[in-house]
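See structure below.
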Amino acid sequence: MIFLDKDHDPRKNGELLSVITEKQINIEAVIKETEQLFQQCHMNKPAPQFNKEPKEVSFFKRMMEHIFRLFARPFNLLKPTPVYIDSDGNVFPKWKPKLDDEYKKLISRITREVNIIDFGGIGDGKSDNTTAFKRALGNGRVRVNIPEGVFITKGICLPSWTCLVGAGKGKTTIKLHESAPKGTRLITNANHWNGNHHIYVQGLSLDWNVERLGDVKKTCTWGNHSSCLTYANVSYGWVKDVEAINPGLHCFDISSTLYNYAGDGYRAKGGSQYVWLDNLNGYGFGDDGITTHHSDYIFISNSHMCDPSGRAHQKGFSNSNGFEIDDGSRNVLLVNNSSARCFGGIEIKAHQNSSAASNVQIVGHISVNDNRSYNFRHIGHHKSTDRESQSAYNITAVNLAAIKPIFTDLYKESKPRGLVVSGYKNVVVNQFTLIGDPDYDYRRIPIIAIQYRARNVVLNNISVKDFKSASAAIKVYGGENRADSISINHVEVRDSALKAIDIGKDVEDIRINV
């Protein structure tokens, strides 16, 4: 069976998916079908939720939400971005030509092309290059080339109109200095408050040098610190052909100035927008590989995240995901990515005191030995005593593979799942292949769980095999916290669970066509 290590080339994910699923999918036709299913789903009036009196929020939490609202704005649901396919089969968002035009502007505004060596840079793995990078970057409008070698720094801040270009992954390494504080971002933009624009980073390995911290319990500080690369309040950004190694928090964080917890219905000011991440690798991350917060129009393609340390969390309670589309993110497209041995392969979510990610589209993903291959949830808005989410809407996913989800020491009590949908409305999953291990003990649990007040969920063309010790391929949970308004079509189960589909008590609106 497939094993994806830290050196996996994610540019091969599209071809690899065809081998795994044993299907030659016409991706253009599948995307069109998914859009039609989503429109039907979106127009459907879902079964009402059963609501008890909401739990009282503590005085402290109410006070903190009011403080965060000083740096927030009201949430609104954007119109989903159409997805296009070019003549070569490449999938991209409708707004990508706009980003391509901005790239041309960036190149035209570059007035200097320099080499870090000319500013005293030394790639010997010992010398401190912090001053050399600062001098080379200046006030921007520059391309800084970095040759092969290991360049030590205490952190790099990129001004607007900047290209930072190395000789390639594993050839040019930028590494944090032994004395860098725990909260250091290895690379970030220069001004998180006023924002930056037109920043391009390519062809590097980024070593956060977690070893410098010694045997600490937690490897990060707070907010969007402690990561390999952070774009905070950046418009028009690119990160291509970059490897991130052992960050205290995240490998790549596309973020707002501050994470914001003003409550559901609010988003942070100063979010990033129009950012493309392509051909990235990351491993050893304390929290997530690639994450987005309060940012719009983000494109993540051909990237691979694996083997988190989980050390940003309490041991055994590590929500470390390969890809996490988090609080307040909108209109995010993920294409042909992969994850391995994470808590979640792709998690689309929000914390209780923030707006959920919305309008998220996945086209092609390989999840190998993740505990929860695909996990869609708005924490704290699941139970009948929770307030209904105002923002957890609109997810489409096509051509997914979940291979051998497993129990993990990252989150010891978490049950393996191929897919979990909790609290979200208008979710369509089309062409989903799940492959288990016939010798693995799944302890009579279901592999797909639709639960906790999810509404308007469509599962279409689902193939499940080799989950012999599971209880069901798909379970729709009932009771007070039941999911409802569910459509399940064309399910194939081989050498697997006792039941194909298990429907819980009191589910009112469900349509099944196997």
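Using modelled atom types, one side-chain atom of Asn260 and one backbone atom of Phe71 make a donor-acceptor pair closer than 3.5 Å. For Ser355 (side chain) and Gly265 (main-chain N/O), a donor-acceptor pair under 3.5 Å exists by modelled atom type. The closest donor-acceptor contact from the side chain of His381 to the backbone of Gln352 lies under 3.5 Å. Asn321 contributes a side-chain N or O that, together with a main-chain N or O of Gly344, makes up a donor-acceptor pair within less than 3.5 Å. Asn224 contributes no side-chain N or O that, together with a main-chain N or O of Tyr259, makes up a donor-acceptor pair within less than 3.5 Å. With hydrogens and angles ignored, the 3.5 Å screen pairs a side-chain donor or acceptor of Ser303 with a backbone N or O of Ser301. Between the side chain of Arg311 and the main chain of Val216, a donor-acceptor pair closer than 3.5 Å is present. Not a single donor-acceptor pair under 3.5 Å links the side chain of Asn115 to the backbone N or O of Asp118. The backbone N or O of Thr184 sits less than 3.5 Å from a side-chain atom of Trp208, completing a donor-acceptor pair. Remark: side-chain polar atoms of Asn129 are paired, donor with acceptor, to backbone N or O of Ser127 under 3.5 angstrom.
With sequence neighbours left out, Ile110 forms a side-chain contact (heavy atoms from CB on, under 4.5 Å) with Leu106, Arg143, Cys163. For Asp307, the salt bridge (charged side-chain N to carboxylate O under 4.0 Å, His left out) partners are Arg341, not counting sequence neighbours. The ring pair (Phe, Tyr, Trp, His ring centres under 6.0 Å) search around Phe467 returns Tyr442, not counting sequence neighbours. Every salt bridge (charged side-chain N to carboxylate O under 4.0 Å, His left out) that Glu347 has, sequence neighbours left out, goes to Arg377. Partners of Arg387 according to the salt bridge (charged side-chain N to carboxylate O under 4.0 Å, His left out) rule, which considers only residues two or more places apart in sequence or in another chain, do not exist here. Applying the ring pair (Phe, Tyr, Trp, His ring centres under 6.0 Å) test to His304 and every residue at least two apart in sequence or in another chain returns His8. In terms of the side-chain contact (heavy atoms from CB on, under 4.5 Å) criterion, residue partners of Ser414 (sequence neighbours excluded) are, by chain and number, Phe343, Asn371, Arg372, Tyr411. Asp124 meets the salt bridge (charged side-chain N to carboxylate O under 4.0 Å, His left out) test with no other residue; sequence neighbours excluded. Under the rule for a side chain to side chain donor-acceptor pair (under 3.5 Å), the partners of Lys105 that lie at least two apart in sequence or sit in another chain are Glu102. By the side-chain contact (heavy atoms from CB on, under 4.5 Å) test, Lys218 is found to be paired with Cys220, residues two or more places apart in sequence or in another chain being considered. For Val150, the side-chain contact (heavy atoms from CB on, under 4.5 Å) partners two or more places apart in sequence, or in a different chain, are Ile152, Thr173, Lys175.
No option in Val239, Thr153, Leu204, Ile199 other than Leu204 meets the side chain to side chain contact (heavy atoms under 4.5 Å, CB included) test with Ile187. Of the residues Glu324, His250, Met305, the one that meets the side chain to side chain contact (heavy atoms under 4.5 Å, CB included) test with Ile290 is Met305.
Ile20 is listed as a side-chain neighbour of Ile2, based on a closest heavy-atom distance under 4.5 Å. Lys182 places a side-chain heavy atom less than 4.5 Å from the side chain of Leu213. The closest side-chain heavy-atom distance from His378 to Asp264 is below 4.5 Å. Residues Val368 and Ser338 form no side-chain contact, since every pair of their non-hydrogen atoms from C-beta on lies 4.5 Å or further apart. Side-chain contact check for Val201 versus Val242: some heavy-atom pair is nearer than 4.5 Å.
Between Glu65 and Lys61 there is no salt bridge, since no side-chain N of the basic residue sits under 4.0 Å from a carboxylate O of the acidic one. Between Lys96 and Asp100 there is a salt bridge, since at least one side-chain N of the basic residue sits less than 4.0 Å from a carboxylate O of the acidic one.
Between the CG atom in Asn281 and the CG atom in Asp9 there is a gap of 7.5 Å [rounded to 0.5 Å]. Ser18 contributes atom OG, which lies 11.0 Å from atom CG of Asn13 (distance to the nearest 0.5 angstrom). Note that OG1 of Thr433 and CG of Leu400 are 8.5 Å apart. Values are rounded to the nearest 0.5 Å. Rounding to the nearest 0.5 Å gives a distance of 9.0 Å between CE of Met64 and CG of Asn353. Note: Ser373 OG to Leu419 CG = 8.5 Å, rounded to the nearest 0.5 Å. To the nearest 0.5 Å, atoms CG (Leu249) and OG1 (Thr230) are separated by 8.0 Å.
In this structure, Tyr261 has its ring center closer than 6.0 angstrom to the ring center of His351. Taking the six-membered ring for Trp and the full ring otherwise, the centers of Tyr103 and Tyr200 sit less than 6.0 Å from each other.
When all heavy atoms are compared, the tightest approach of Gly248 to Ala312 is O-CB, 3.7 Å. Gly364 approaches Leu17 most closely through the heavy-atom pair CA-CD1, 3.6 Å. Closest non-hydrogen pair, Gly322 versus Phe285, comes out as CA-CZ, 4.3 Å. Across every non-hydrogen atom of Gly345 and Ser367, the tightest pair is CA-OG, 4.5 Å. Heavy atoms only, all atoms of each residue included: Gly170 and Glu243 are closest at N-OE1, 4.2 Å. In plain terms, the two heavy atoms of Asn191 and Asn194 that are nearest each other are OD1-N, 2.8 Å.
In this structure, Arg112 places its CZ atom where more than 12 heavy-atom neighbours from other residues, nucleotides or ligands lie under 6.0 Å away. Counting heavy atoms of neighbouring residues, nucleotides and ligands inside a 6.0 Å radius, atom OH of Tyr452 does not exceed 12 of them. Residue Glu15 places its CD atom among 12 or fewer non-hydrogen atoms of other residues, nucleotides or ligands, all under 6.0 Å distant.
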Give the intermediate values and the outcome of ring-ring contact (aromatic ring centres under 6.0 Å, His included) for residues Tyr231 and Phe252. CA-CA 8 Å; Tyr231 280 175; Phe252 305 93; 9.4 Å; no

Start with the C-alpha gap between Asn302 and Lys12, add the side-chain angles, then the distance that decides, and say whether side chain to side chain donor-acceptor pair (under 3.5 Å) holds. CA-CA 8 Å; Asn302 307 308; Lys12 298 178 179 179; over 6 Å; no

Stepwise side chain to side chain donor-acceptor pair (under 3.5 Å) test for His294 and Ser256: CA-CA 6 Å; His294 301 284; Ser256 52; 5.0 Å; no

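Legend: salt bridge (Lys or Arg N to Asp or Glu O under 4.0 Å) pairs involving residues 273-300, not counting sequence neighbours, sorted by first then second residue: Arg267-Asp296, Asp296-Arg330.
Cation-pi contact between Lys98 and Tyr274: present, with separation from the ring centre below 6.0 Å and deviation from the ring axis of at most 45°.
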